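Structure record follows, encoded as structure tokens.
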Amino acid sequence: MDRLKKRAEFLAVARGVRSPRHAFVLQAALAPDPAAAPRCGFTVTKKVGNAVVRNRIRRRLREAVRLQSDALGRAGCDHVLIGRREALSQPFATLAADLVSAFRQAHKRLPAPPSTVGASLRVDGPDPAAPRHPRGETPGRTR
RNA sequence: CCAGUCGGCCGGGCGGCCGCUCCGGGUCUCGAAAGAGGCGCGGGGAGGAAAGUCCGGGCUCCACGGAAAGACGGUGCCGGAUAACGCCCGGCGAGGGCGACCUCAGGGACAGUGCCACAGAAAACAGACCGCCUCGGUCCGGACGGCGUUCGCGUCGUCCCGUCCGCAAGGGUGGAAGCGGUGGCCGCAAGGGCAUCGGUUCGAUCGAGGUCAGGGUGAAAAGGUGGGGUAAGAGCCCACCGCGGACCCGGCAACGGGGACGGCACGGCAAACCCCACCGGGAGCAAGACCGAAUAGGGGCGGCGCGGGCUCGAAAGAGUUCCGGUCUUUUCCGGACCAGUCGCCCGGGUUGGUUGCGCGAGGCGUCCAGCAAUGGGCGUCCCAGACGAAUGGCCGCCACGUGGGGGAAACCCCGCCAUACAGAACCCGGCUUACAGGCCGACUGGCCCU
RNA sequence: UGGGGCGUCGCCAAGUGGUAAGGCAGGGGAUUUUGAUUCCCCCAUCCGCAGGUUCGAAUCCUGCCGCCCCAU
């Protein structure tokens, strides 16, 4: 699963659906390109702990996503995992199970993407599609 | 053995499966090439503090004719060492500890300014005040009335006067005790008591002088203690201690030792301003350099073309500079240019990419110089380079710690979600701070044994 | 990466070398039939922490800790 890296992408996903668990909060939203591979980003804020703690949490989450990617992927979806303190102490198996359930829940809540792209995106504009407009329009705006 | 001081070091090990990143070479695909991507192989991949960002340097850009002064900031015993430092090493001084050892921003207070609350007579230099001592002056009442009387006077009240305290209102006070002479009174006498004069001692007060011994205070008060001495006292004199100190000796120096002599004069604070000496140009790898698509817009050159009006002309078109804008500093005159399109070139800039960016004041070993910090020689090694940011996830065994159980012991079994502080971001030298547990060395004090 | 500021009672805060104002809150009391108002009294000595200078430190110096802000 590819990584999200741009701040604008994170902001876009933050407007989507949320699915909280003990060790993390999952955010998900439709990507501008419905056929694109699923992508995922990680956020661990400074409140959680020092650099060592934050690194460890991100690495555990990343490893869990890697191992479960078959069960989690869905084309045209962007995800952000916000790490919490429990991600450090929770058993890895539990963490992985939570991850799967969170992804399923989030995907269920998202509108069906492909084929109907144009219509559905335009219709519920304010919801998950709206934040992606800026990105989608950036080429037109800046270039 | 117990207690302690100092210095140095480690900060888990081995292995399996699945991943991440960098490098090398292999192979496959795409491509004319440059190159891009895929697959598998081999190798590298966090720290002693990577942290805090408190100092110092390298490196890069900017500024500057070379510097220096001023301002500002920093440092501050002496010497050494270093690229440099506020770090480090050695020494000195002061303080603490029985000791090993530890702590100290530790130059200048006769360049100047300032501060020293409260208390205290006084807070910085020399006195004032209280007190002590010597000398000198003054020490006194008057009028009226009441009462008592030994008829000398005593006492009380009012007024006046003197004097002291007090801003004033007002208050206090009008010497005491001996000695001698004279006068008069009482008494038979011894004697008593009164007035006055002289003089003595004490006291009060004023003035002049001596003095700093003393003055409950305070962090700090005139060198301390003892003796002599004096009117009272005082380094006034003496002894010891303390202080200053020409000069001599040792030391590169800080400083140390001795010390004629001075006779105590010189309080503390500069982490108060300040003075003196020395150091510092500014910014920081988001420094800086290079590449640079599409789109929009800018500038330059060249080609073609020229908005409205007017004149000529049948028209095509030609002419005119009348009208618009820009420039020529402004106004007038004059002049030049512009309007649209095509091509080429240039620079700026958004997003992005590459670089800086890993051979270094480098690590390890060894030898030499030096007490040491450190320096030098030789050999050997190449050892992280990410950028929403790699070094991870899940296990097994072992080591160590700790708790429980078994055992005579060696040891065995089980448990601890036991194993700290903490993650490179241009690099290096320090400092500071955090840290489970452990190892090594040197030394000190005490007890015991030989 | 560079720069600046703050930390004093539960809250807001004054004090910048001489022993910590004030307000709100809280507690006790008085006034009142009761309540409100009003009045009186009480409430920090660990001034973020640790050292140092000084006779004396919230204040001056050094080192830490925490928080906030600014520039890029």
Side-chain angles (χ1 to χ4, degrees), chain A residues 1-114 117-122 124-143:
Chain A
M1 208 180 277
D2 287 340
R3 293 285 295 278
L4 287 181
K5 293 187 173 181
K6 300 281 192 316
R7 174 170 167 80
E9 295 168 346
F10 278 81
L11 291 178
V13 175
R15 298 277 201 83
V17 301
R18 301 157 59 87
S19 182
R21 291 293 183 275
H22 286 296
F24 58 87
V25 175
L26 172 70
Q27 298 176 328
L30 294 177
D33 177 10
R39 297 189 300 173
C40 186
F42 301 92
T43 295
V44 186
T45 66
K46 242 177 193 175
K47 276 186 192 170
V48 173
N50 60 23
V52 175
V53 170
R54 297 197 306 270
N55 277 341
R56 174 68 45 80
I57 289 174
R58 190 188 66 244
R59 286 162 177 166
R60 292 194 86 197
L61 289 175
R62 198 181 59 198
E63 181 70 10
V65 167
R66 185 181 69 84
L67 293 174
Q68 307 292 330
S69 66
D70 291 343
L72 304 176
R74 167 172 162 183
C77 261
D78 282 348
H79 313 83
V80 168
L81 280 169
I82 301 172
R84 309 175 75 176
R85 211 178 303 262
E86 286 73 15
L88 202 61
S89 50
Q90 203 171 44
F92 194 76
T94 313
L95 187 66
D98 275 358
L99 207 60
V100 172
S101 81
F103 268 72
R104 287 207 181 117
Q105 186 183 25
H107 288 162
K108 204 175 293 178
R109 289 191 197 163
L110 281 176
V117 188
S120 84
L121 284 186
R122 295 306 167 199
D124 34 329
D127 209 29
R132 279 194 315 288
H133 278 325
R135 275 203 77 249
E137 287 172 0
T138 26
R141 189 184 50 183
T142 40
R143 295 171 191 177

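Computed from a predicted model, the values in this text were never measured in an experiment. Each chain gets a letter, A, B and so on, in the order its sequence line appears, and its residues count up from 1.
- Comparing the same atom, C1', in rA100(B) and in rG446(B) gives a spacing of 14 Å after rounding to whole Å.
- A straight line from CZ of R66(A) to P of rG393(B) spans 12 Å, rounded to a whole angstrom.
- If you take atom P in rG347(B) and the same atom in rG305(B), they sit 32 Å apart, rounded to whole Å.
- Base pairing analysis places rG203(B) opposite rC139(B); the two distances defining the Watson-Crick or G-U wobble pair are each below 3.5 Å.
- Because its glycosidic torsion is more than 90° from 0, rG35(B) is reported here as anti.
- Pairing of rC1(B), defined by two Watson-Crick or G-U wobble distances under 3.5 Å, is identified with rG446(B).
- On the C1' atoms, rU138(B) is 11 Å away from rU163(B), given to the nearest whole Å.
- Atom CD of Q68(A) is separated from atom P of rG393(B) by 16 Å (rounded to the nearest Å).
- The distance between atom CZ of R56(A) and atom C1' of rG393(B), rounded to the nearest whole Å, is 10 Å.
- A pairwise comparison of heavy atoms in L26(A) and A106(A) identifies CD2-CB, 3.8 Å as the closest pair.
- Out of rA46(B), rC394(B), rG388(B), the shortest distance to the side chain of R59(A) is found at rA46(B).
- In this entry the distance linking CG of L61(A) with P of rC20(B) reads 18 Å, nearest Å.
- Residue whose closest nucleotide on RNA chain B sits further toward the 5' end, between Q90(A) and A51(A): Q90(A).
- The pairing partner recorded for rU155(B) is rG146(B), the criterion being a Watson-Crick or G-U wobble arrangement whose two distances lie under 3.5 angstrom.
- When Watson-Crick and G-U wobble pairs are counted only if both distances are under 3.5 Å, rC312(B) pairs with rG317(B).
- Every residue two or more places apart in sequence or in another chain that forms a side chain to side chain donor-acceptor pair (under 3.5 Å) with Q105(A) is listed here: S19(A), R21(A).
- Under the stacking criterion of a centre-to-centre distance below 5.5 angstrom and an interplanar angle below 30°, F10(A) sits stacked against the six-membered ring of rG388(B).
- Regarding L67(A), its CG atom lies at a distance of 16 Å from the P atom of rG392(B), rounded to whole Å.
- The CG atom of N50(A) sits 15 Å away from the C1' atom of rU433(B) (whole-angstrom rounding).
- Of the two residues near RNA chain B, L88(A) and R62(A), the one whose nearest nucleotide lies more 5' is R62(A).
- Across all their heavy atoms, F24(A) and A102(A) have their closest contact at CE1-CB, 3.9 Å.
- Using atom P as the reference point in both rC266(B) and rA221(B), the two lie 15 Å apart (nearest Å).
- rG437(B) and rC10(B) make up a base pair, with Watson-Crick or G-U wobble contacts both under 3.5 Å.
- Distance from the side chain of T43(A) is smallest for rG388(B) among the nucleotides rU391(B), rG388(B), rC394(B).
- C77(A) approaches L110(A) most closely through the heavy-atom pair SG-CD1, 3.5 Å.
- rG187(B): no Watson-Crick or G-U partner with both key distances under 3.5 Å is found in any strand.
- Nucleotide rG48(B) is shown with a syn base, its glycosidic torsion being within 90° of 0.
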Q. Could you walk me through whether V13(A) and H79(A) pass the side-chain contact (heavy atoms from CB on, under 4.5 Å) check?
A. CA-CA 7 Å; V13(A) 175; H79(A) 313 83; 5.7 Å; no
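- Here rG37(B) sits opposite rC28(B) as a Watson-Crick or G-U wobble pair (both hydrogen-bonding atom distances under 3.5 Å).
- Separating the P atom of rC22(B) from that of rA50(B) is a span of 26 Å, rounded to the nearest Å.
- Between the D98(A) side chain and the S101(A) main chain, no donor and acceptor come within less than 3.5 Å of each other.
- Atom P of rG203(B) sits at a distance of 23 Å from the matching atom of rG198(B), rounded to the whole Å.
- Closest approach to the V52(A) side chain among rG423(B), rC394(B), rC18(B) is made by rG423(B) (side chain taken as heavy atoms from C-beta onward).
- F92(A) has its CZ atom 14 Å from the P atom of rG392(B), to the nearest Å.
- For E63(A) against rG19(B), no side-chain N or O and base N or O form a donor-acceptor pair under 3.5 Å.
- In this structure, R54(A) atom CZ and rA50(B) atom C1' are separated by 15 Å, rounded to whole Å.
- In a base pair of the Watson-Crick type (N1 to N3 plus N6-O4 or O6-N4) or a G-U wobble (N1-O2 and O6-N3), with each distance short of 3.5 Å, rU173(B) is matched with rG162(B).
- Contact between I57(A) and R85(A) at its shortest, heavy atoms only, is CD1-CA, 4.3 Å.
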